[in-house]
A.B. asks: 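Supplied in structure tokens, the structure appears directly below.
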Amino acid sequence: MDPILKGLNDKQIEAVKAVDGPVLVISGPGSGKTKALTHRVAYMMANGINPGHILALTFTNKASAEMRDRIQNLLKRRMDMPTIGTFHSVGLRILRREIGALGYSENFSISDSDDQLALVKRIMGELEIDPKRYNPRTMLNKISKLKTALVSPESYQPKDFTEKLVAKIYRLYTDELKRMNMLDFDDLIVLPVRIFKERPRVLAKYHAQWKYILVDEYQDTSHDQYQFIQLLAQKNRNLFVIGDDAQSIYMFREADIRNILNFQKDYPDAKVVLLEQNYRSTQNILAAAQGIITNNKSQFPKTLWTDNSQGERIVVKETLNERAEANYIISQIAAGLRQGRYLHDFTVLYRTHAQSRAIEEALITKGLPYQIVGGIKFYERKEIKDILAYLRFIHNPTDTLSFERIYNIPPRGLGPSAYKKIMAVREKNIFEAVKKTTADETKPDTPLKKFQKLMEDLRQTASEKPLTKTIGHIVEKINYEEYLKTLTVVKNAPENLEERMENIQELKTVARGYDGLDPDEGRGRFLEEIALLQDADRTKDETPRVNLMTMHSSKGLEFPVVFIVGMEEGLFPHARSVYQPHEMEEERRLCYVAITRAKERLILTHTKYRNIYGTTEVNLPSRFLAEMPQDTLDYQFLDPNGDEEIIKYEI
DNA sequence: CTGTCGTTTATTTTT
DNA sequence: TAAACGACAG
């Protein structure tokens, strides 16, 4: 037997060996999906398929990196690696070569979601649309929805008044982005699709290159991603998709579960493999998960099974309030630690970020180290965004969004009126517009003139010095630390200042990798790369910590002991999902995902009283509890003398 | 232009 | 509860 197939079960082997033609693999939680995927790629390479002909698409950088690592480890000798990347990075790679066809210039930059929102707000301001009546965020969502549905501003047929507004904003939004030579995230998929459709010869080039295509997390693909895949795969038809419809939890982000459900319609000759053996969880945990998910209508029929032991019952614990809930969790962690578990064996999952507060407070009181996974991302921090905005404006002076961000940060006496003046005379290049505006000013040292001089100086440095030097120079020249001080003094949080300066240091560490390049090119690559990175790989210390995260961020992970807190109607399922059946089903899948993170021990908690937005709510236990087979559960109801709870759990 | 004050609103978010 | 935003006075 091929050594690469060793350690795989029959189904996994089937998935690995079906190299030619369309293949759909439905992989249950803990069924060795990544194993199947990576072994398949290694198998293909070991059997003479040119790695250059293989394209593997993932959703996250993390998944890409893991796949690359594991494939490398499977190979006997060093070989060229296939193209492995996120949808967006592969889209970007294509655009870098092909975007000329659409009339953009090649030094385009990529806007982040804050930029997008700022742009929509600006446009709505110009159109005098009341942002209270029409939420800019909602409008942006609608635009993004249209884009992912591949509806262009030209082809959009608005029906009612609101849609007509959306159409207007959408059109201006698109024009303005193009004018700034900027792309949004959606464009990284949508534009390659357009090029493929309009330029068969370009598409043919990619057909010749990528003859084998693999897609991870196929259930999460949106319509544009679906088109992207279909176009690339239509010639050779060697399309391997793997995923789990039951774990689709990103519908709200345009994931279209029909893509996976209809794969066999798209490819009637598709080979279908079900990975149903679970290597992760106890029988009880699996039974609970299965019990939940069977309440959903549309899904791929499958039954998970495991050779693992039955395991202990799932604890359903009722507590008085969220403080007692947190204390209970800590008591359970303490008990686990006494039995030899480590802090990182424990994970607390919640539906909304707001719920982490009570848990954190309890952990801090008891001095237990923890880490929040997800939450505020590195590149979303103000100090990072500020510095990056300077870099982006230096790099692309047509980027009015970055200009908008920095022209008065730190405060230098520039405001809306100065901004209007500049925008009035702008062609494309804002830096030139600033020059034009200052030319009319008679006084010698106006704030705008100072700004102009500052930017000239920064641009000079940026074009000559390595990237880290430039960053240091920016921070120094704009007196950024002083500015941060004024911010943190107001909020009375000096520890914040230190942390923020450390973050800037961290940014420099990332930038160092580009110092060796030509300054302009290095800056470009740096900005491009971090546009696609949502979190920096910061080298964390190795202290074991309790993990806290939303159920969404837990997808793909596993832990010996999992707590799911807030198992209450209104919270989980979330109140906003209850009335829409398809949203209710998504909540249920989320529950399925959360439960199946647990390997050995699962504890579900709900409270009688919960403080929410400052008012106390009385919540019923979540309906999901009733949907689990009751013989897998161990109910622990609230002691009638509820007050004692908090004391009882002291450790 | 800047800072303060009151009002509003509140999921999840791989890029 | 608290953050985020817009209105308004200095």
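Each chain gets a letter, A, B and so on, in the order its sequence line appears, and its residues count up from 1. Scope of the values below: all heavy atoms of this structure, side chains included, with no hydrogens, waters or symmetry mates.
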A.B. asks: Assign Y250(A) to base, sugar-phosphate, or nothing according to its heavy-atom contacts below 4.0 angstrom with the strands shown.
C.D. replies: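 Base: the residue Y250(A), judged by heavy atoms under 4.0 Å, touches a nucleobase.
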
A.B. asks: Determine, answering yes or no, if H574(A) is stacked on dT11(B) under the 5.5 Å centre rule and the 30° plane rule.
C.D. replies: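 So yes, this residue stacks on that base, both cut-offs being met.
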
A.B. asks: Let's go through I189(A) and Y226(A) carefully: what are the C-alpha distance in whole Å and the side-chain angles of both, what is the deciding distance for side chain to side chain contact (heavy atoms under 4.5 Å, CB included) to 0.1 Å, and is it a yes or a no?
C.D. replies: CA-CA 10 Å; I189(A) 313 294; Y226(A) 170 81; over 6 Å; no

A.B. asks: Could you tell me how far apart Y379(A) (OH) and dT14(B) (P) are, to the nearest whole angstrom?
C.D. replies: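 Between P of dT14(B) and OH of Y379(A): 15 Å.
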
A.B. asks: So which nucleotide from dT11(B), dT14(B), dC1(B) ends up closest to the side chain of K555(A)?
C.D. replies: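 So the side chain of K555(A) is nearest to dT14(B).
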
A.B. asks: Does dA2(C) have its OP1 or OP2 closer than 4.0 Å to a side-chain nitrogen or oxygen of R357(A)?
C.D. replies: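 For R357(A), the contact criterion (side-chain N or O under 4.0 Å from OP1 or OP2 of dA2(C)) is met.
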
A.B. asks: Taking the nucleotide of DNA chain B with the nearest heavy atom to each, does L590(A) or F59(A) sit closer to the 5' end?
C.D. replies: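 Of the two residues, L590(A) wins.
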
A.B. asks: Would you indicate which nucleotide in dC1(B), dT14(B), dT13(B) comes nearest to any side-chain atom of H552(A)?
C.D. replies: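 Of the options given, the side chain of H552(A) lies nearest dT13(B).
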
A.B. asks: On the nucleotide dT11(B), are OP1 or OP2 found under 4.0 Å from the side-chain N or O atoms that Y613(A) carries?
C.D. replies: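 It does, given that an N or O in the side chain of Y613(A) lies less than 4.0 Å from OP1 or OP2 of dT11(B).
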
A.B. asks: Which heavy atom in I257(A) sits nearest to a heavy atom in D245(A), and how many Å separate them?
C.D. replies: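 Nearest heavy atoms, I257(A) then D245(A): CD1-O, 3.5 Å.
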
A.B. asks: In terms of side-chain geometry, is the basic nitrogen of D115(A) or R405(A) positioned less than 4.0 Å from the acidic oxygen of its partner?
C.D. replies: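 Salt bridge between D115(A) and R405(A), a charged N being under 4.0 Å from a carboxylate O: no.
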
A.B. asks: Can you say whether the rings of Y206(A) and F196(A) are parallel (under 30°), tilted (30 to 60°) or perpendicular (over 60°)?
C.D. replies: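 If you compare the ring of Y206(A) with that of F196(A), the planes turn out tilted.
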
A.B. asks: Can you tell me which nucleotide in dT12(B), dT11(B), dC1(B) comes closest to the side chain of E583(A)?
C.D. replies: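 Nearest listed nucleotide: dT11(B).
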
A.B. asks: Rounded to whole Å, please give me the gap between CD in Q247(A) and C1' in dT14(B).
C.D. replies: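 Going from CD in Q247(A) over to C1' in dT14(B) covers 14 Å.
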
A.B. asks: Assign S553(A) to base, sugar-phosphate, or nothing according to its heavy-atom contacts below 4.0 angstrom with the strands shown.
C.D. replies: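 It contacts sugar-phosphate atoms only.
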
A.B. asks: If only side-chain N and O atoms of K377(A) are considered, is one of them under 4.0 Å from the OP1 or OP2 phosphate oxygen of dT14(B)?
C.D. replies: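 So the side-chain polar atoms of K377(A) do come within 4.0 Å of the phosphate oxygens OP1 or OP2 of dT14(B), strictly under.
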
A.B. asks: Across the strands shown, which category fits P416(A) at heavy-atom distances under 4.0 angstrom: base, sugar-phosphate, nothing?
C.D. replies: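 Touches sugar-phosphate only.
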
A.B. asks: On the nucleotide dT12(B), are OP1 or OP2 found under 4.0 Å from the side-chain N or O atoms that S577(A) carries?
C.D. replies: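 So the side-chain polar atoms of S577(A) never come under 4.0 Å of the phosphate oxygens OP1 or OP2 of dT12(B).
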
A.B. asks: Can you see if the side chain of N135(A) gets near the phosphate of dT9(B) - specifically, an N or O under 4.0 Å from OP1 or OP2?
C.D. replies: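 Answer is no, no contact under 4.0 Å.
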
A.B. asks: Which sits closer to the 5' end of DNA chain B, T550(A) or A418(A), going by the nucleotide each is nearest to?
C.D. replies: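 Mapping each residue to its closest nucleotide by heavy atoms, the 5'-most match is A418(A).
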
A.B. asks: Tell me which nucleotide among dT13(B), dG6(C), dT11(B) gets nearest to the side chain of H353(A).
C.D. replies: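 The answer is dT13(B), which lies nearest to the side chain.
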
A.B. asks: Students often get this wrong, so: under 4.0 angstrom with heavy atoms, is N408(A) touching a base, only sugar-phosphate, or nothing?
C.D. replies: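 Answer is sugar-phosphate: N408(A) comes under 4.0 Å of backbone atoms only.
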
A.B. asks: What is the distance, to the nearest angstrom, from the NZ atom on K382(A) to the C1' atom on dA3(C)?
C.D. replies: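 The distance from NZ of K382(A) to C1' of dA3(C) comes to 15 Å, rounded to the nearest Å.
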
A.B. asks: For L349(A) and dT11(B), give me the distance from atom CG to atom C1', rounded to whole Å.
C.D. replies: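 The answer, rounded to whole Å, is 15 Å.
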
A.B. asks: Rounded to whole angstroms, how far apart are CD on E322(A) and P on dT1(C)?
C.D. replies: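 That distance rounds to 12 Å.
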
A.B. asks: Is a donor from one side chain sitting under 3.5 angstrom from an acceptor on the other, for E325(A) and T607(A)?
C.D. replies: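 Side chains of E325(A) and T607(A): no pair found under 3.5 Å.
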
A.B. asks: Looking at every strand, decide which applies to S417(A) at a 4.0 Å heavy-atom threshold: base, sugar-phosphate, or nothing.
C.D. replies: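 Sugar-phosphate, backbone atoms only, no base.
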
A.B. asks: Assess the pair H88(A) and F59(A): is the distance between their ring centroids shorter than 6.0 Å?
C.D. replies: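 No, the ring centres sit 6.0 Å or more apart.
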
A.B. asks: Among the candidates dG6(C), dT12(B), dT14(B), find the nucleotide nearest to the side-chain atoms of D220(A).
C.D. replies: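 That would be dT14(B).
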
A.B. asks: How long is the line joining CD of E254(A) and C1' of dT11(B), in whole Å?
C.D. replies: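 For the pair E254(A) CD and dT11(B) C1', the rounded distance is 15 Å.
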
A.B. asks: Tell me what L414(A) touches on the nucleic acid: a base, only sugar-phosphate, or nothing, going by heavy atoms under 4.0 Å.
C.D. replies: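 Result for L414(A) = sugar-phosphate.
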
A.B. asks: What's the CD1-P distance between I249(A) and dT13(B), to the nearest Å?
C.D. replies: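 After rounding, the reported distance stands at 9 Å.
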
A.B. asks: Starting from P on dT8(B), measure out to CZ on R137(A) and report it in whole angstrom.
C.D. replies: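 Value for this atom pair: 19 Å.
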
A.B. asks: In Å, rounded to the nearest 0.5 Å, how long is the span from CD of E217(A) to OG1 of T60(A)?
C.D. replies: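 These two atoms lie 7.5 Å from each other.
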
A.B. asks: Any base atoms under 4.0 Å from P447(A), or only sugar-phosphate, or nothing? Heavy atoms, all strands.
C.D. replies: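 No contact.
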
